[in-house]
Number of protein chains: 2
Amino acid sequence: MRYSDYKKVLKKHHLRITDSRIDVLERFYNTIHALSFKDLEDQLEGYDRVTLYRTLNSFIDQGIIHRIPNDTGSACYGICFETCTPEQHYHNHIHFKCIKCGYIDCLPDTHIPLIDLPGYEIIDSNLIINGICKDCKKNAN
Amino acid sequence: MRYSDYKKVLKKHHLRITDSRIDVLERFYNTIHALSFKDLEDQLEGYDRVTLYRTLNSFIDQGIIHRIPNDTGSACYGICFETCTPEQHYHNHIHFKCIKCGYIDCLPDTHIPLIDLPGYEIIDSNLIINGICKDCKKNAN
DNA sequence: ACTTTTATGCAATATTATTGCAAAAAAGTA
DNA sequence: TACTTTTTTGCAATAATATTGCATAAAAGT
């Protein structure tokens, strides 16, 4: 993806073209893992922390990225595949968190099984699977 | 449950009997929802924040409670059903988070469907379903 | 009753996230 | 392009969440 493509993504999601948005977007498109705030902060020196937080929030609001629940306390963010709009996030892929390398990956070809919960109204669901990823299994021996 | 029962729980999990552990345990047994740190702090005045954090951590280590991932950044804790030991947490029930009242509930009679992820080694999984709980549906009209 | 081990409270510090506001940059318009 | 309006940025301050070290207190073991 090139600068002009990132611009298109931002335009499509009704966001102004700014340096930090282009750079953050580039990080998401060129990283196979989900990114934490800290990842972005380390990789994008020069921007104020506040700017990065606001950039992430604008992306979430506009359906460019989604927040991935995490029991460690610090949120992670994954890029949304084609389906999300400013009106609603539509993704129900599984997230995998590797306990060795710590990376969280979106598994785009998976989907969370439908669950029937009588009496409850289900809006969406998050499935995070913990385990050991392919790379870490390979490197184990 | 009475004081003597809470004592038994703590003993079974190799923890000393202290006031804060008894009181925190009581809160978990007498609350149908999962509890956040803030909930406990509000409900158990008189204990230092640090003591409450350490009490929660000792409960997690010993398999009395489990941490529930939460995309808001502040962790929630649910009590473990009979199955957990200091060696390993064994629970794979579904968690339900109501977007109206904000409460997270453990659904003890459910279980997370087994997922097959070729190449990955799965250790455990967390499924959090967001929606509207029975109570809030009832109160809606 | 005494000793050993563990937990608690306090103070300090670290980490993560948000807000207000003036200056800078982007987008819209003539 | 020059000008205006709107939004974004950086800085400083502050809030919210979590951890550590250490002396004292309490629990458990003998």
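So that the names make sense, note that chain A is the first sequence line, chain B the second, and so on, each numbered from 1. Since this is a predicted model, take the numbers as computed values, not measurements.
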### Query
So which one's nearest nucleotide on DNA chain D is more toward 5', A:Arg21 or B:Asp19?
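The residue whose closest nucleotide sits nearer the 5' end is A:Arg21.
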side-chain N/O [X] vs [N] OP1/OP2, d < 4.0 Å:
{"X": "A:Arg16", "N": "C:dA25", "result": "no"}
{"X": "B:Thr51", "N": "C:dG9", "result": "yes"}
{"X": "A:Ser20", "N": "D:dT9", "result": "yes"}
{"X": "B:Tyr53", "N": "D:dA18", "result": "yes"}

### Message
Would you say A:Asp48 and A:Thr51 are linked by a side-chain donor-acceptor pair, where the criterion is simply a distance under 3.5 Å?
### Response
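Distance-only check fails for A:Thr51 and A:Asp48.
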For the pair made of [atom1] in [X] and [atom2] in [N], what is the distance, rounded to whole Å?
{"X": "A:Gln62", "N": "D:dT7", "atom1": "CD", "atom2": "C1'", "answer": "13 Å"}
{"X": "B:Leu15", "N": "C:dT5", "atom1": "CG", "atom2": "P", "answer": "18 Å"}
{"X": "B:Asn57", "N": "C:dT6", "atom1": "CG", "atom2": "C1'", "answer": "16 Å"}
{"X": "B:Leu52", "N": "D:dA18", "atom1": "CG", "atom2": "C1'", "answer": "13 Å"}
{"X": "B:Tyr47", "N": "C:dT8", "atom1": "OH", "atom2": "P", "answer": "8 Å"}
{"X": "B:Asp61", "N": "C:dT6", "atom1": "CG", "atom2": "P", "answer": "14 Å"}
{"X": "B:His13", "N": "C:dA7", "atom1": "NE2", "atom2": "P", "answer": "15 Å"}
{"X": "A:Phe37", "N": "D:dT17", "atom1": "CZ", "atom2": "C1'", "answer": "15 Å"}

### Query
Once the angle between the rings of B:Tyr6 and B:Tyr29 is folded into 0 to 90°, is it parallel (under 30°), tilted (30 to 60°) or perpendicular (over 60°)?
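Ring orientation of B:Tyr6 relative to B:Tyr29: tilted.
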### Task
Would you please classify the geometry between the B:Phe96 ring and the A:Tyr120 ring as parallel, tilted or perpendicular, with 30° and 60° separating the classes?
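Ring orientation, 0 to 90° scale: tilted.
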### Task
Take A:Thr18 and B:Ser58, find for each the nucleotide of DNA chain C with the closest heavy atom, and name the residue whose nucleotide sits nearer the 5' end.
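Between the two, 5'-proximity favours B:Ser58.
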### Message
Ignoring hydrogens and geometry beyond distance, is the side chain of A:Arg54 in donor-acceptor contact with the base of D:dT8 at under 3.5 Å?
### Response
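Not at all, since no donor on one side and acceptor on the other fall under 3.5 Å apart.
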### Query
Checking all strands, does B:Arg49 fall into the base, sugar-phosphate, or nothing category for heavy-atom contacts under 4.0 angstrom?
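B:Arg49: base contact, heavy atoms under 4.0 Å.
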### Side chain to side chain, B:Leu40 and B:Leu56, heavy atoms closer than 4.5 Å
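Side chain of B:Leu40 against side chain of B:Leu56, heavy atoms only: contact under 4.5 Å found.
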### Out of D:dT7, C:dG9, D:dA18, whichever nucleotide has its closest atom nearest the side chain of B:Asp48
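Between D:dT7, C:dG9, D:dA18, the one nearest the side chain of B:Asp48 would be C:dG9.
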### Message
Using ring centroids (six-membered ring only for Trp), state whether A:His33 and A:His95 fall under 6.0 Å.
### Response
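No; A:His33 has its ring centre 6.0 Å or more from that of A:His95.
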